[in-house]
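Here's the structure we're looking at; comments come further down.
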Amino acid sequence: MSAYAPKKEAAGEEAPAPELHLIRITLTSRNVKNIEKVCSSFKENAVKKGIKVKGPVRMPTKKLKITTRKAPSGEGTNTWDRFEMRIHKRLIDLYDVSSDAVKQITTIDLEAGVEVDVTIVNRK
């Protein structure tokens, strides 16, 4: 006699449920209007499909700065140019999503200069 309860045998095997994933979509761009437009379209598509959405989470803006001399020869007055490029980043999390729904959500028209990175995590 065993200390464990006997296993119940199923009459028939059931079809496996589709795997549910946690999807993290990372958007980066130099233009705020373009990235916000893409974020809103991602979120609208996900809500229409009935998917739980968290975001867009606004990450800190990276400021890349370069200071250089105006005069190429180095002579004359010491005048400087200061250039700055800002990189904006947004995160959108989609919970309990099947792989088919991910394909439908991510097939949208992207604005110019917006980079999209999709990370998929299996949840058990």
Side-chain angles (χ1 to χ4, degrees):
M1 198 160 146
S2 162
Y4 300 104
K7 294 182 180 178
K8 296 181 181 178
E9 294 187 23
E13 291 190 24
E14 297 177 12
E19 289 189 32
L20 298 178
H21 305 286
L22 167 68
I23 309 294
R24 174 161 284 177
I25 301 172
T26 306
L27 303 165
T28 55
S29 177
R30 293 182 295 174
N31 190 340
V32 178
K33 289 182 182 179
N34 290 350
I35 198 169
E36 289 295 334
K37 188 173 180 182
V38 173
C39 283
S40 63
S41 63
F42 268 125
K43 191 165 183 173
E44 286 174 12
N45 286 346
V47 170
K48 285 180 185 176
K49 303 287 184 202
I51 297 171
K52 183 180 175 187
V53 180
K54 181 181 176 185
V57 177
R58 289 158 180 84
M59 303 302 288
T61 302
K62 291 183 182 178
K63 295 180 183 177
L64 306 176
K65 297 181 180 181
I66 294 176
T67 304
T68 183
R69 286 281 305 265
K70 282 187 179 180
S73 65
E75 294 188 18
T77 59
N78 293 339
T79 54
W80 299 86
D81 273 334
R82 289 181 287 275
F83 299 102
E84 180 177 281
M85 181 170 64
R86 296 179 181 204
I87 299 175
H88 306 277
K89 188 174 182 180
R90 304 286 187 264
L91 296 178
I92 300 174
D93 288 338
L94 306 174
Y95 293 96
D96 299 332
V97 183
S98 65
S99 58
D100 295 334
V102 173
K103 291 177 185 176
Q104 293 174 356
I105 291 170
T106 56
T107 56
I108 64 167
D109 295 331
L110 295 177
E111 294 293 319
V114 178
E115 296 179 19
V116 178
D117 182 35
V118 179
T119 307
I120 301 173
V121 179
N122 288 336
R123 296 178 69 183
K124 296 180 181 180

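Reckoned from all heavy atoms, side chains included, excluding hydrogens, waters and symmetry mates.
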* Can you list the residues that meet the side chain to side chain contact (heavy atoms under 4.5 Å, CB included) rule with Glu84, with sequence neighbours excluded? ->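 Testing Glu84 for side chain to side chain contact (heavy atoms under 4.5 Å, CB included), a comparison that skips the adjacent residues, returns Lys63, Lys65, Arg86.
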
* **Among Leu91, Thr28, Thr26, the one residue meeting side chain to side chain contact (heavy atoms under 4.5 Å, CB included) with Met59** => Leu91

As an exercise, state the distance from [atom1] of [X] to [atom2] of [Y], rounded to the nearest 0.5 Å.
X: Cys39; Y: Asn34; atom1: SG; atom2: CG; answer: 11.0 Å
X: Phe83; Y: Thr67; atom1: CZ; atom2: OG1; answer: 9.5 Å
X: Arg24; Y: Ile120; atom1: CZ; atom2: CD1; answer: 13.5 Å
X: His88; Y: Thr61; atom1: NE2; atom2: OG1; answer: 5.0 Å
X: Arg69; Y: Glu75; atom1: CZ; atom2: CD; answer: 9.5 Å

* Asked: Under 3.5 Å, side chain of Asp81 to main-chain N/O of Thr68, donor-acceptor pair present?
  -> no

* Asked: Under 3.5 Å, side chain of Thr77 to main-chain N/O of Thr79, donor-acceptor pair present?
  -> no

* To do: Flag yes if Val118 and Val97 sit in one hydrophobic cluster, no otherwise; membership is Ile, Leu, Val, Met, Phe, Trp, Tyr, and two members link when side-chain heavy atoms are under 4.5 Å apart.
  => yes

Which atom pairs, donor and acceptor, lie under 3.5 Å between side-chain atoms of residues 47-55 and protein residues at least two apart or in another chain?
| from | atom 1 | to | atom 2 | distance (Å) |
| --- | --- | --- | --- | --- |
| Lys49 | NZ | Gln104 | OE1 | 3.3 |

* Would you mind listing the cluster partners of Leu64? Hydrophobic ones only (ILVMFWY), side-chain contacts under 4.5 Å, chaining allowed. => Met85, Ile87

* Which heavy-atom pair separates Pro56 from Arg90 by the least distance, and what is that distance? ->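 The pair with the smallest heavy-atom distance is CB-CB, 4.4 Å.
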
* To do: Would you please test Leu27 and Glu36 for side-chain contact (heavy atoms from CB on, under 4.5 Å) and show each step?
  => CA-CA 9 Å; Leu27 303 165; Glu36 289 295 334; over 6 Å; no

* To do: Would you check if Lys70 and Trp80 make a side-chain contact, meaning some heavy-atom pair closer than 4.5 Å?
  => no

